[in-house]
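The structure under discussion appears below in the form of structure tokens.
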Number of protein chains: 2
Amino acid sequence: MGTTQLETVPEPKYWHLKTVLSEALDSDFSVGEILPNERELAARFGVARATLRQALEQLELEGRLQRRRGVGTTVAPPRMGVDVSTSQHSWPGAADDAWVPVGSALAAPPAAVSRMLGTPLGDELHVVRRTRMTHGQPVAAELLYVPAASVPELPAVETPSGQVRARTVLRELQRLGLEGQDRAVELGSARADDAKELDRLPGAPVLVVTTRYFAEGRTAAVSVATYRADTCRLTFGDSGDLEISHHDAPAAHAS
Amino acid sequence: MGTTQLETVPEPKYWHLKTVLSEALDSDFSVGEILPNERELAARFGVARATLRQALEQLELEGRLQRRRGVGTTVAPPRMGVDVSTSQHSWPGAADDAWVPVGSALAAPPAAVSRMLGTPLGDELHVVRRTRMTHGQPVAAELLYVPAASVPELPAVETPSGQVRARTVLRELQRLGLEGQDRAVELGSARADDAKELDRLPGAPVLVVTTRYFAEGRTAAVSVATYRADTCRLTFGDSGDLEISHHDAPAAHAS
DNA sequence: TAGTGGTCTAGACCACCCT
DNA sequence: GGGTGGTCTAGACCACTAC
């Protein structure tokens, strides 16, 4: 291990701060413990509050910290594994899969969803809102888009328009023979309504899971589920008990 | 008494700004086009540069923008779908799966990896670095951890320690009968070395895909792959041609 | 060398939670 | 009311890229 590096790269302060804080979290704090407030931490490290906040934001993004306005900053528990495996060949709302129907209404979907469903842009369809709970905490908010053609038996009149109607739409869906589904995951930021559902601020980072359900030779429904990125690790397969601490642990670097 | 409360909730400036910019991107700009610089944009909207930057950061997080120091801010193309489906029952490096071996060395893995492999903490093992290219762009950097027990035929001496050795380790891996694998996805921030590989700044948001490979009744190898979160949408199944524009499009809100 | 985004500062005020 | 994190400002300097 030769003394390789010159002084070439001045590391940003917030980056160094993040490292220091991360190590402090490992050694001096336990889960749930609250940290000193931002003004004091900034003073203690001799930086501006904005700089300190940049470090805290990174740590929150990595799921190490949890910050709540009016309360404080606490050490977050390890991320929970949330199973999103696609193996189960069943419609949403079938065996009750930890999702709780919240409501339903007729509305026009975003353009991207229209495209996937092959419905004319601006066409209204059933939109079912559901929430996924794990350990008593909301971890995901979902919008399920169901074209009227997929639930032909459903009365066209829109009377209940609430939780009751949501259950009705889901029940009607089960009639269709599910032929397959596929899934995509990407990073997004929470819309205001999803953020509220997830107990986060608007713009919070989320993992967006888009699922297409196939039946009768076409895309019969589309689900857009937003998972809290700070608290969730999405698992595919039987890796639910995987325990990953943090990706930024001291790493082995291959040349 | 029709006190229809307007504006009881003042929307943060950066949030409103993000919305305005997002719409402008849709209507007035095309992919690859460069935006006015930050100082001018801030002046044009009558906000401080820091506030404008908060909006730009959000848009970059959502994959709408791309910013490069010394160059400018450009409109990003839609995210590319990257297949990470686990169906293919093959070891990494088998049918050459768009991954390019970069190097290999002996090193001690992070604690979380040791735990998954069941190797003593601090034990050295083979660490293979690979890069995944798509459309000529690097989209992912991977560290593949292989315990010596999984490649018994490999000479213990560490001579080549480069790309040659990486290929050797991968070739030896194929000898084992792969019994299964599972996968987990979570949000992380790029370490300095991964960031360099991905042509991003340290701390850039990445999707971390952790894969466990099972053989001979145990976990025979672990892969930690970090994908650029700004440019990639991870797809599972045959949804590679899915085209999702942006999750924040005008949405239908169910009650 | 000129222009870009990235980092940093030292303040101020606001929204929210608790007691 | 007192304390927390969230937003915002108006500057300054630095690192990088391209010409």
Side-chain angles (χ1 to χ4, degrees), chain A residues 6-19 21 33-61 64-76 189-190 192 195-196 199-205 230, chain B residues 5 7-19 21 33-61 64-76 189-190 192 195-196 199-205 230:
Chain A
L6 313 170
E7 78 303 326
T8 50
V9 183
E11 201 175 36
K13 270 189 190 177
Y14 79 91
W15 186 260
H16 180 244
L17 239 179
K18 177 196 140 183
T19 308
L21 284 170
E33 205 170 341
I34 73 175
L35 271 62
N37 71 55
E38 296 184 351
R39 289 160 180 89
E40 182 179 335
L41 279 178
R44 187 178 302 184
F45 287 105
V47 298
R49 190 178 156 217
T51 304
L52 174 83
R53 278 179 60 81
Q54 224 176 327
L56 293 184
E57 268 152 33
Q58 286 259 353
L59 290 170
E60 191 181 28
L61 197 78
R64 307 286 315 274
L65 291 180
Q66 190 161 349
R67 298 146 90 199
R68 274 176 304 174
R69 172 158 48 179
V71 179
T73 302
T74 60
V75 180
S189 50
K196 193 172 180 182
D199 193 27
R200 299 260 64 196
L201 290 177
D230 54 344
Chain B
Q5 274 294 13
E7 301 314 325
T8 43
V9 183
E11 202 175 35
K13 271 189 190 176
Y14 78 92
W15 187 260
H16 180 245
L17 203 51
K18 178 197 139 184
T19 307
L21 284 169
E33 205 170 340
I34 73 174
L35 272 60
N37 71 55
E38 296 183 349
R39 289 161 180 87
E40 182 179 335
L41 278 177
R44 188 179 301 184
F45 287 104
V47 299
R49 191 177 155 220
T51 304
L52 173 83
R53 279 178 60 80
Q54 223 176 326
L56 293 184
E57 268 151 34
Q58 286 259 352
L59 289 170
E60 191 180 27
L61 198 78
R64 306 286 315 274
L65 291 180
Q66 191 162 349
R67 296 146 90 200
R68 274 177 305 172
R69 172 158 47 179
V71 180
T73 302
T74 61
V75 181
S189 50
K196 192 172 183 182
D199 192 27
R200 299 261 65 196
L201 290 177
D230 54 344

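Each chain gets a letter, A, B and so on, in the order the sequences are listed, and its residues count up from 1.
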remark   = Here the gap from A:H16 atom NE2 to A:E11 atom CD, rounded to the nearest 0.5 Å, amounts to 6.0 Å
message = Quick check for you: to the nearest 0.5 Å, what is the distance between B:E57 atom CD and B:Y14 atom OH?
response = 10.5 Å
query = What's the NE2-P distance between B:H16 and D:dT7, to the nearest Å?
reply = 16 Å
task = Check whether any side-chain nitrogen or oxygen of A:N37 sits under 4.0 Å from OP1 or OP2 of D:dT4, and answer yes or no.
result = yes
ask   = Taking CD from B:Q66 and P from C:dG6, how many angstroms apart are they, rounded to a whole number?
value = 11 Å
ask   = Between atom CG in B:L35 and atom C1' in C:dG3, what is the gap in whole Å?
value = 16 Å
query = Looking only at heavy atoms, which two atoms of A:A55 and A:L17 are closest? And how far apart?
reply = CB-CB, 4.0 Å
task = Measure the distance from CG on A:L201 to C1' on C:dC14 and round it to the nearest whole Å.
result = 13 Å
request  = May I have the distance from A:R68 (atom CZ) to C:dC18 (atom P), rounded to whole angstrom?
outcome  = 8 Å
task = Run the numbers on A:L65 and A:L35 for side-chain contact (heavy atoms from CB on, under 4.5 Å), then give the verdict.
result = CA-CA 9 Å; A:L65 291 180; A:L35 271 62; 4.2 Å; yes
message = It should be established whether A:R53 places a side-chain nitrogen or oxygen under 4.0 Å from OP1 or OP2 of nucleotide D:dG5.
response = no
query = Touch check for A:L56, heavy atoms < 4.0 angstrom, all strands: base, sugar-phosphate only, or nothing?
reply = nothing
ask   = So, is A:R67 close to the D:dG6 phosphate, meaning a side-chain N or O under 4.0 Å from OP1 or OP2?
value = yes
Nearest-angstrom distance from the residue atom CD of A:E38 to C1' of D:dG3 = 12 Å
Whichever of B:V71 and A:R69 has its nearest DNA chain D nucleotide further upstream toward 5' = A:R69
task = When you get a sec, tell me which of D:dG5, C:dG6, D:dT17 is the closest nucleotide to the side chain of A:T73?
result = D:dG5
request  = Using salt bridge (Lys or Arg N to Asp or Glu O under 4.0 Å) as the criterion, point out the one residue from A:R200, A:K18, A:R68 that pairs with A:E60.
outcome  = A:R200
request  = Could you check how far NZ of B:K18 sits from C1' of D:dG6, rounded to whole Å?
outcome  = 16 Å
note = Here the distance between atom C1' of C:dC16 and atom NZ of A:K196, to the nearest Å, is 15 Å
query = Which sits closer to the 5' end of DNA chain C, A:G70 or B:E60, going by the nucleotide each is nearest to?
reply = B:E60
ask   = Should we count CG of B:D199 as having more than 12 external heavy atoms under 6.0 Å?
value = no
query = side-chain contact (heavy atoms from CB on, under 4.5 Å) between B:L21 and B:F45: does it pass, once the steps are laid out?
reply = CA-CA 10 Å; B:L21 284 169; B:F45 287 104; 3.9 Å; yes
Detail all sub-3.5 Å separations between protein N/O atoms and N/O atoms belonging to nucleotides 8-12 of chain C.
residue: C:dC8; atom: OP1; partner: A:K13; partner atom: N; Å: 2.2
residue: C:dC8; atom: OP2; partner: A:Y14; partner atom: N; Å: 3.2
residue: C:dT9; atom: OP1; partner: A:K13; partner atom: NZ; Å: 2.9
residue: C:dT9; atom: OP2; partner: A:A48; partner atom: N; Å: 2.9
residue: C:dT9; atom: OP2; partner: A:T51; partner atom: OG1; Å: 2.4

